[in-house]
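Below is one structure, written out as structure tokens, with a few remarks after it.
This structure is a prediction, so every number in the text was calculated from the model and none was measured. All residue numbers refer to positions in the sequence shown, counting from 1.
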Amino acid sequence: MMNRFNPKYMKLRVLKMFLLVCITSFLMVSCTKLDLTPTNDLIADNVYTSVSGYKQSLAKVYGAFALTGNASVGQPDIPTEIIKDEGNSDFLRLYWNLQELTTDEAVWSWQSDAGIQGLHEMSWSSTNAIINGLYYRSYFQITLCNDFINQSSDDNLSKRGITGADAVAVRRFRAEARFIRAFQYSVLMDLYGNVPMVTEQTQIGGKDLPLQMQRKEVFNYVESELKAIETELAPAKTNEYGRADQAADWALLSRIYLNAEVYTGTPRYTDAITYCNKITGAGYALHNNYRELTIADNHLNKDEFILTINYDGTSTQNYGGTTYLMHGPAGVPAEVSGSSGTWGGLRITQQFVNLFADKTGATDSRAQFYMSGQNLEVNDLYTSTDGYSSTKYRNKTRSGGPAPHQDVAKDFSDIDFPLFRLGEIYLTYAESVLRGGTGGSLSTALGYVNQLRTRAYNGSTAGNISSGALTTDFILDERGRELWYEAFRRTDLIRFGKFTSANYLWAWKGGTRNGTAVNARFSLYPLPPTDLSANPNLRQNPGY
């Protein structure tokens, strides 16, 4: 039976060197300012002496998804010279902003937030704090993974007397660290294209600076890593909740194969179908209530969730993650969001809202919009009442009660974020079939889509579609309705040729009220100037 993996343990026993080591050679210019000598007994030879010690260190690797540092506030993993604001430095808030604020799904009211101006307008530069922040956050987690992989090598296990069942357990932990590293490289490949490669073989601070890998090479690396660890991970649905298993591995493979033509120039839709089939054959099922996917006790949704970032209102306190998605929507009352109140920030463009024929949610339960006091039209990009808001992330349980680990002030979220869930897999399968992939069928694809729509329509088949309506354009809209605010939109629009082009316009795209096409360079984010100056092997993305 699965337990819930809680990243709070990373706060109890963490190697100080993890926080003090240079993230990669990209921060070499500031490494000389850091104290690299541990000031307590939490050194490798003292921590990595048992399975429990390895597991607590693995919790730090996972915890880098959910936390900004080694405390709620004041000990950030990423230097404030880069991130500007620690509250906007956790992985999910950074990643979500770059995937959603640049699209029709989201705008943000606070012009003073570092990096916000220019995101929705698609006029960002290489000095944008959010763009640079995610880059360094991803490499920070990669660095943690690399260290853990080194510490859990067979040679180190042997030297430390860890054998038998204990060694088997640690090797599984090592496979999970390799999965997380592969996931972060998939993020970097998707958002930045050609990126430096650092692995457990890379010497931090060594004379040989990391080489920049072409996007296709990064794709090949991620694919090879995921295939190599497939049999080393726990079988699907057997690991602790919140930890990667074989199904997470298959889900990431299906995701990169769906987008392979963007990354490599070669479509891989048949491979996407292959790995979707592995997941659908592993016993997953759609959770019966869509509105329960993003609430405070959504850890109970083990039927649909494949891998989550776990949040706990007591132990993972920061102003990113699902706390951001709970508090951020403009105008939403505290009694609706289950929080201490709205930050007045996030709203949605009318073009996205109009994907729903009934915006009240009475017909399609996925239309979770707050409309009272909010205008449909985003006439002013930075006016908090322009644009409907989201009620998708609510810090309440399915019974309507308070979050199970809620702090007294209701400031922090208990809502876990689904990195992978079955709903995505159904839509990946359907799109891959429509795009010519083999190993699937149109009838199965239609069945998957209609299962999603039947759930959305609260068990009614009134929203089901016919085979003639199942087109790739329909899939893009359906992915919007099913997966909105789950950090997919930018990637989806790029795959469909609608992100930078005039093929689809939304309010303030390109900085104009009705939207306009922008330069194709904005399909990739720029590399941070600090890396370019520190590593002569790197070349900036075109147009920056």
Side-chain angles (χ1 to χ4, degrees), residues 21-31 64 78-79 81-83 91 94-95 98-99 124-147 149-150 177-178 180-226 228 252 255-256 259-266 268 490-491 494 500 519-544:
V21 73
C22 300
I23 297 170
T24 62
S25 63
F26 320 122
L27 294 183
M28 285 181 64
V29 290
S30 61
C31 282
I78 313 300
E81 306 93 86
I82 294 171
I83 58 175
F91 169 77
L94 290 164
Y95 182 57
L98 295 185
Q99 288 287 79
W124 56 76
S125 72
S126 62
T127 60
N128 183 285
I130 294 173
I131 293 172
N132 291 347
L134 178 66
Y135 183 90
Y136 285 116
R137 168 58 64 181
S138 292
Y139 277 110
F140 176 78
Q141 194 169 30
I142 287 169
T143 300
L144 296 182
C145 291
N146 287 339
D147 187 82
I149 292 163
N150 267 325
R178 289 176 70 182
I180 294 172
R181 180 175 65 181
F183 173 82
Q184 285 293 2
Y185 273 118
S186 76
V187 168
L188 291 163
M189 167 181 67
D190 183 56
L191 275 70
Y192 301 92
N194 306 331
V195 295
M197 179 65 64
V198 287
T199 69
E200 73 275 18
Q201 304 299 322
T202 304
Q203 291 188 352
I204 301 300
K207 64 177 182 179
D208 296 324
L209 296 173
L211 297 176
Q212 187 172 23
M213 307 295 284
Q214 296 300 299
R215 204 180 200 185
K216 183 176 181 179
E217 295 175 305
V218 182
F219 176 94
N220 291 339
Y221 172 79
V222 172
E223 179 188 28
S224 65
E225 278 288 282
L226 294 174
L252 182 51
R255 188 180 290 179
I256 67 168
N259 293 285
E261 190 166 11
V262 173
Y263 303 147
T264 70
T266 302
R268 300 285 296 275
R490 170 194 160 274
T491 301
I494 288 173
T500 60
N519 192 291
R521 73 173 181 270
F522 292 109
S523 290
L524 285 175
Y525 292 112
L527 305 185
T530 50
D531 276 10
L532 296 172
S533 62
N535 185 351
N537 294 326
L538 304 184
R539 296 293 178 268
Q540 183 60 278
N541 285 325
Y544 294 104

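- Residues meeting the side chain to side chain donor-acceptor pair (under 3.5 Å) test with Y221, sequence neighbours left out: R181.
- Within the 4.5 Å cutoff, side-chain heavy atoms of S138 are placed close to those of Q184.
- Between S186 and I256 the shortest heavy-atom distance is CB-CG2, 4.1 Å.
- Under the 4.5 Å side-chain criterion, counting only non-hydrogen atoms from C-beta, Y544 is not in contact with S125.
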### Task
Could you walk me through whether E223 and N220 pass the side chain to side chain contact (heavy atoms under 4.5 Å, CB included) test, one step at a time?
CA-CA 5 Å; E223 179 188 28; N220 291 339; 4.2 Å; yes
### Query
Could you go step by step and tell me if R137 and Y95 meet the side chain to side chain contact (heavy atoms under 4.5 Å, CB included) rule?
CA-CA 10 Å; R137 168 58 64 181; Y95 182 57; over 6 Å; no
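- A donor-acceptor pair is defined here as one N or O able to donate and one able to accept, closer than 3.5 Å; no such pair exists between the side chain of N146 and the backbone of Q201.
- Summarising the geometry of N535 relative to P210, their closest heavy-atom pair is ND2-O, 2.9 Å, with the distance given to 0.1 Å.
- Of all heavy-atom pairs between S126 and P526, the closest is CA-CG, 3.5 Å.
- A donor-acceptor pair is defined here as one N or O able to donate and one able to accept, closer than 3.5 Å; no such pair exists between the side chain of N537 and the backbone of Q212.
- Looking at I180 and L144, their side chains never come closer than 4.5 Å, going by heavy atoms from C-beta outward.
- Looking at N194, its side chain never comes within 3.5 Å of a backbone N or O of N541 through a donor-acceptor pair.
- Note: L98 CG to L134 CG = 5.5 Å, rounded to the nearest 0.5 Å.
- The two residues D190 and R215 make their nearest non-hydrogen contact at O-NH2, 3.0 Å.
- In this structure, Q99 and L191 have side chains that are in contact, with non-hydrogen atoms separated by less than 4.5 Å.
- One finds the CZ atom of R521 at 11.0 Å from the CD atom of Q540 (value rounded to the nearest 0.5 Å).
- In terms of modelled atom types and a separation under 3.5 Å, the side chain of Y136 and the main chain of P528 share no donor-acceptor contact.
- In this structure, Y185 and M197 have side chains that are in contact, with non-hydrogen atoms separated by less than 4.5 Å.
- Taking the six-membered ring for Trp and thresholds of 30 and 60 degrees, Y525 and Y192 have ring planes inclined between 30 and 60 degrees apart.
- What you find for W124 and L524 is that their closest heavy atoms are NE1-O, 4.3 Å.
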#### Entry: Audit row: M213, L188, side chain to side chain contact (heavy atoms under 4.5 Å, CB included) steps and yes/no
CA-CA 11 Å; M213 307 295 284; L188 291 163; over 6 Å; no
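- Proximity of D531 to Y135: side-chain heavy atoms (C-beta onward) are separated by under 4.5 Å at one or more points.
- R268 contributes no side-chain N or O that, together with a main-chain N or O of N259, makes up a donor-acceptor pair within less than 3.5 Å.
- Between the N519 side chain and the G543 main chain, no donor and acceptor come within less than 3.5 Å of each other.
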### Query
Do Y139 and V195 pass the side chain to side chain contact (heavy atoms under 4.5 Å, CB included) test, and can you show the C-alpha distance, the side-chain angles, and the key distance before you say yes or no?
CA-CA 10 Å; Y139 277 110; V195 295; 3.4 Å; yes
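- Pairing each heavy atom of L527 with each of R539, the nearest pair is CD1-O, 3.6 Å.
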